[in-house]
Structures are given as C-alpha cells and as structure tokens.
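To start, the structure under review is shown below, and the notes come after it.
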Amino acid sequence: MNKRVSYSSEVCERAVRLVLTSEHEHPSRWAAMVSVASKIGCTPETLRAWVNKSEVDSGNKPGVTSDAAAKIK
C-alpha cells in the first residue's frame, strides 16, 4: 500500500529552485531532478511536476496557471 506524502509549499519551492539553479551541473534537467529528489525524499516525477507547474505559473511555459485553475474549480 502506497502512502501519500504531503510536502509544504516551502519544500516544493526550495526543490524547484535547486533544480533550476543546479541543472547546469548535470548532463540534463532530468538528472538534476533525480539528484534533488533523492535529497528531499520525493520521486523525480513529483519534482518534475512541481518544476513544470512553477514554469507555467511564472509565464515561462504555456499552460493553465494555478490561479486560473483555482478560479475554474
């Protein structure tokens, strides 16, 4: 049985920041995500979703922002 873990917004933001600032030290963004995820205890896929959401919310990537999704909901 899998247990769902909840991370604080501070942990999510810090992890995303670590990926974005350290990706130049790795052969790919995915490699940076794997490295950071292992340090904070989440899966690389979870971290990938956080990075994508952050890029959409900041306007660096097309998509529905968190604010727009909340309004629709």
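All values below come from the heavy atoms of this structure, side chains included, with hydrogens, waters and symmetry mates left out.
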For the atom pair CG (Leu47) and CD1 (Ile40), what is the distance rounded to the nearest 0.5 Å? 5.5 Å
Pairwise ring-ring contact (aromatic ring centres under 6.0 Å, His included) hits with a residue in residues 51-73, at least two apart: none
Work out which heavy atom in Ala32 is nearest to a heavy atom in Ser22; give both atom names and the distance. CB-OG, 4.4 Å
Looking at Val56 and Pro62, what are the two nearest heavy atoms and their distance? CG2-O, 3.7 Å
Tell me, please, which residues at least two apart from Lys71 pass side chain to side chain donor-acceptor pair (under 3.5 Å). none
Salt bridge (charged side-chain N to carboxylate O under 4.0 Å, His left out) pairs, two or more places apart, involving residues 32-49: Glu45-Arg48
Of all residues at least two apart in sequence or in a different chain, which pass the side chain to side chain contact (heavy atoms under 4.5 Å, CB included) check with Ser8? Glu10, Val11
Enumerate the residue pairs fulfilling ring-ring contact (aromatic ring centres under 6.0 Å, His included) with a member in residues 50-73, sequence neighbours excluded, ordered by first and then second residue. Tyr7-Trp50
Considering residues at least two apart in sequence or located in another chain, which fulfil the side chain to side chain donor-acceptor pair (under 3.5 Å) criterion with Glu25? none
Between the SG atom in Cys42 and the CE atom in Met33, the distance rounded to the nearest 0.5 Å is 10.5 Å
For Ser28, which residues count as a side chain to side chain contact (heavy atoms under 4.5 Å, CB included) partner, sequence neighbours excluded? Trp30, Ala31
Does anything in residues 51-70 pair up under ring-ring contact (aromatic ring centres under 6.0 Å, His included), and if so which pairs, sequence neighbours excluded? none
Residues in side chain to side chain contact (heavy atoms under 4.5 Å, CB included) contact with Ala68, at least two apart in sequence or another chain: Val64, Thr65
Give me each pair satisfying side chain to side chain donor-acceptor pair (under 3.5 Å) with a member in residues 51-60, each pair once, sequence neighbours excluded. Arg29-Glu55, Asn52-Lys61, Asp57-Ser66, Ser58-Asn60
